[in-house]
Amino acid sequence: QVHRESAGGPLAMRLLRSLVDIRGRRVLFVNDCLPVVLAMQKGSSSRVLQADAEYMARAGLEAGASLLFLHVPGTRMIEEGVDGAGRGGARRIIGPACSPSTRAAIQTLCAQQGWGITIDLFAANCNKLAERFASWTDEPDSEVVDTFTIRSWNQSKCKCGCFHRETVFVFPPIGLERTVVRRARSCRSDGIQGGILDGAAESLDRNDGAE
């Protein structure tokens, strides 16, 4: 959650710069996550938070603006009506967490089968299982926003100009499991699905595709 709060800074900064000229202005960012505010103010030992803090510092210098970061209690933000979207979004994506132990088990399974995950279809920068990933929102470095807009989960066009088969990893929010399985079957995708479906984890079989 801290990483998601931190990612909001660069997202907001990019949007702000696309809408208005902030040169010579002071821009105030408020957040109810204290570790994020401290990271933006002083830096952090966390690789993810430090990267976001460095991005904000560079963006401020490039824009010619002075950036200020203020911690505000979550109750105050709710009262002012500025936290509703984030909480609504969180409710939409709440579900089983892809914990470090789960990630390790997935990587072990892939190694045993000789698979290499080429794209994580439901991810963020802080939890992706592959360099290429699709995100729910405009996440830094994501290949696409909304995995269902990808034309095919079976193959994609590489920078080399050729098409290559995908081995996907999907860990969807609650409520999308069956939709994901149907889409994977229609694309005859290779990969692994993590999550809860009728009390059991589903796998996308390498040979039969999405079984």
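Remember, it's a predicted structure, so these values are computed and weren't measured experimentally.
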(request) Find out if a path of hydrophobic residues (ILVMFWY) with successive side-chain heavy-atom gaps under 4.5 Å connects Leu15 to Tyr55. (result) yes
(request) Please answer: with hydrophobic residues joined when any side-chain heavy atoms are less than 4.5 Å apart, are Leu38 and Leu67 in the same cluster? (result) no
(request) Just do the side-chain contact (heavy atoms from CB on, under 4.5 Å) check on Gln112 and Thr108 with the steps written out, would you? (result) CA-CA 6 Å; Gln112 291 172 346; Thr108 299; 3.7 Å; yes
(request) With rounding to the nearest 0.5 Å, note down the distance linking CG in Leu121 to CG in Asp146. (result) 11.0 Å
(request) Determine, stepwise, if the pair Lys128 / Ser142 fulfils side-chain contact (heavy atoms from CB on, under 4.5 Å). (result) CA-CA 10 Å; Lys128 61 187 180 184; Ser142 67; over 6 Å; no
(message) Pair Thr179, Phe148 - check side-chain contact (heavy atoms from CB on, under 4.5 Å), show working.
(response) CA-CA 10 Å; Thr179 301; Phe148 293 107; 3.9 Å; yes
(message) To the nearest 0.5 Å, what is the distance between CG on Leu70 and CG on Asp32?
(response) 11.5 Å
(request) Could you tell me whether Gln41 atom CD has more than 12 heavy atoms of other residues or ligands within 6.0 Å of it? (result) yes
(request) Please report the closest heavy-atom contact between Asp120 and Ala130, naming both atoms and the distance. (result) N-CB, 4.2 Å
(message) If hydrophobic clusters are built from ILVMFWY residues whose side chains come within less than 4.5 Å, do Val20 and Phe29 share one?
(response) yes
(message) With rounding to the nearest 0.5 angstrom, report the CD1 to OG1 distance, Ile119 to Thr167.
(response) 11.5 Å
(request) Kindly give the heavy-atom pair with the smallest separation between Ser44 and Ala39, and that separation in Å. (result) CB-CB, 3.7 Å
(request) Nearest 0.5 Å please: distance from the CZ atom of Phe133 over to the CD1 atom of Ile117. (result) 14.5 Å
(message) Can you tell me how far apart OG1 (Thr147) and CD1 (Ile150) are? Round to the nearest 0.5 Å.
(response) 4.0 Å
(message) Can you give me the closest heavy-atom contact between Arg132 and Glu143, atom names plus distance?
(response) NE-OE1, 2.8 Å
(request) Could you grab the distance from atom CZ of Phe69 to atom CE of Met56, nearest 0.5 Å is fine? (result) 4.0 Å
(message) Over 60° means perpendicular and under 30° means parallel, so tell me whether Phe122 and Trp153 are parallel, tilted or perpendicular.
(response) perpendicular
(message) Could you check whether any side-chain heavy atom of Ile22 comes within less than 4.5 Å of a side-chain heavy atom of Met13, counting everything from C-beta outward?
(response) yes
(request) State, yes or no, whether a side-chain contact exists between Met40 and Ser6 at a heavy-atom distance under 4.5 Å. (result) yes
(message) Between His71 and Asn31, is there a side-chain heavy-atom distance shorter than 4.5 Å?
(response) no
(request) Specify the closest pair of heavy atoms between Arg183 and Ser152, including all atoms of both residues, with the distance to one decimal. (result) NH2-N, 4.0 Å
(message) Is there a path of hydrophobic side-chain contacts, each under 4.5 Å between heavy atoms of I/L/V/M/F/W/Y residues, joining Val36 to Leu16?
(response) yes
(request) For Arg17 and Ala63, work out which heavy atoms get closest and say how close. (result) NE-CB, 3.7 Å
